[in-house]
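Structure, as structure tokens:
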Amino acid sequence: MTDHLRLGVNIDHVATVRNARGAGYPDPVKAALVAAEAGADGITAHLREDRRHITDEDIARLSAELTVPLNLEMAATEEMLAIALKHRPHAACIVPEKREERTTEGGLDAAGQREWLGPMVAKLGEAGIRVSLFIEPDPRQIEAALHLGVPVVELHTGRYAELDGPERTEELRRLSDAAALAAKNGIEVHAGHGLTYDNVAPIAAIPQVRELNIGHFLIADAVFVGLPEVVRKMRAAMDIAR
């Protein structure tokens with residue numbers, strides 16, 4: 001197993017800025033290509049039901065133009081399943097989605113939705129799409145992922161990012177334990193949400209974690225120093241921690 005920790009860059013909020021004015025810029029596809037050139041190992045894009053940032057056209061263009069893997073974040077709906085099967089991205093990460101939330105809040109309840117998720121996971125897998133579930137670091141959710149037969153889970157690091165002191169230490173322990181449990185059962189472990197230069201190192205140091213997906217912070221900092229610089233800086237922070 002290689003010790004290289006992959007960096008997936010989420011370009012959703014480049015599209016947020018574009019859509020604020022209804023203009024054609026900044027172009028999230030161009031951002032994806034720039035990020036890949038700067039060292040991103042993959043690109044993540046979340047096609048939401050309300051199309052608040054990424055659009056269907058963006059997904060079509062990303063599928064056609066990217067030279068690195070595309071990870072499509074999607075809700076567990078028939079509409080999103082059809083779009084994934086049409087474009088066949090490298091990976092599809094099933095996430096919870098509520099219209100009223102600003103961003104994805106919390107992990108998917110895979111344990112409570114196994115019957116609904118099962119056929120969807122099977123269809124994506126049959127199409128050659130690598131399925132992951134965005135879940136909390138909870139043994140019940142790991143068990144559900146194992147039952148569903150997904151090859152990947154992405155652990156939600158949002159709570160870790162929001163806490164400090166002993167509470168953050170405890171959440172880091174939960175993440176480490178969940179990563180170890182998943183890997184022990186043959187599931188590849190990814191992690192993401194709320195990660196920054198200041199808090200990424202302990203997550204990057206978890207040996208079972210193979211990929212981090214980071215978006216909002218990188219796009220925000222890129223406003224000041226440019227996207228290539230923030231990708232290289234985050235890449236370096238991850239490598240040092242590793």
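Quick caveat, the model's predicted, so the values are computed rather than measured.
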With sequence neighbours left out, write down each residue that passes salt bridge (Lys or Arg N to Asp or Glu O under 4.0 Å) with [X], or none if nothing qualifies.
| X | result |
| --- | --- |
| Arg174 | Glu171 |
| Glu65 | Arg61 |
| Asp58 | Arg18 |
| Glu170 | Arg173 |

Salt bridge (charged side-chain N to carboxylate O under 4.0 Å, His left out): pairs with one or both residues in residues 179-197, sequence neighbours excluded: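 Only Arg6-Glu188, Arg130-Glu188 qualify under salt bridge (charged side-chain N to carboxylate O under 4.0 Å, His left out).
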Strictly distance-based, threshold 3.5 Å: is any side-chain N or O of [X] a donor or acceptor partner for the main-chain N or O of [Y]?
| X | Y | value |
| --- | --- | --- |
| Asp12 | His46 | yes |
| Asn10 | Asn213 | no |
| Arg88 | Lys86 | no |
| Asn185 | Ile187 | no |
| Glu136 | Gly107 | yes |

Residues Asp50 and Arg52 bridged, charged N to O under 4.0 Å: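 Yes, Asp50 and Arg52 are salt-bridged.
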So how far is it from [X] [atom1] to [Y] [atom2], rounded to the nearest 0.5 Å?
| X | Y | atom1 | atom2 | answer |
| --- | --- | --- | --- | --- |
| Ile219 | Leu227 | CD1 | CG | 5.0 Å |
| Glu49 | Arg51 | CD | CZ | 8.0 Å |
| Ile11 | Leu66 | CD1 | CG | 8.0 Å |
| Glu79 | Leu81 | CD | CG | 10.5 Å |

Residues which pass side chain to side chain donor-acceptor pair (under 3.5 Å) with Asn71, listed by chain and number, not counting sequence neighbours: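 With sequence neighbours excluded, Asn71 shows a side chain to side chain donor-acceptor pair (under 3.5 Å) to Thr44, given in chain and number order.
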Set of side chain to side chain donor-acceptor pair (under 3.5 Å) partners for Thr16, sequence neighbours left out: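 Partners of Thr16 under the side chain to side chain donor-acceptor pair (under 3.5 Å) test: His13.
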Evaluation steps, side chain to side chain contact (heavy atoms under 4.5 Å, CB included), between Val152 and Val131: CA-CA 6 Å; Val152 181; Val131 186; over 6 Å; no
Set of side chain to side chain contact (heavy atoms under 4.5 Å, CB included) partners for Ile203, sequence neighbours left out: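 With neighbours one apart ignored, the set is Thr157, Tyr160, Leu172, Leu175, Ala191, Leu195, Ile206, Leu212.
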Contacts of type side chain to side chain contact (heavy atoms under 4.5 Å, CB included), residue Val223, not counting sequence neighbours: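 Val223 satisfies side chain to side chain contact (heavy atoms under 4.5 Å, CB included) with no residue once adjacent residues are dropped.
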Listed partners of His90 passing ring-ring contact (aromatic ring centres under 6.0 Å, His included), at least two apart: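 Residues passing ring-ring contact (aromatic ring centres under 6.0 Å, His included) with His90: none at all.
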Closest non-hydrogen atom pair, Ala161 against His193: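 What the structure gives for the nearest pair is CB-O, 4.2 Å.
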Heavy-atom closest pair, residues Val225 and Glu229: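 Distance-wise, the nearest heavy atoms are O-CB, 3.7 Å.
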Pairs flagged by side chain to side chain donor-acceptor pair (under 3.5 Å) wherever residues 33-42 is involved - sequence neighbours left out: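 Residue pairs passing side chain to side chain donor-acceptor pair (under 3.5 Å), neighbours aside: His4-Asp41, Asp41-Arg235.
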Cut-off 3.5 Å, no hydrogens considered: what does the side-chain donor-acceptor table look like for residues 109-128, sequence neighbours left out?
{"from": "Asp109", "atom 1": "OD1", "to": "Gly112", "atom 2": "N", "distance (Å)": "3.0"}
{"from": "Asp109", "atom 1": "OD1", "to": "Gln141", "atom 2": "NE2", "distance (Å)": "3.2"}
{"from": "Trp116", "atom 1": "NE1", "to": "Ala76", "atom 2": "O", "distance (Å)": "2.8"}

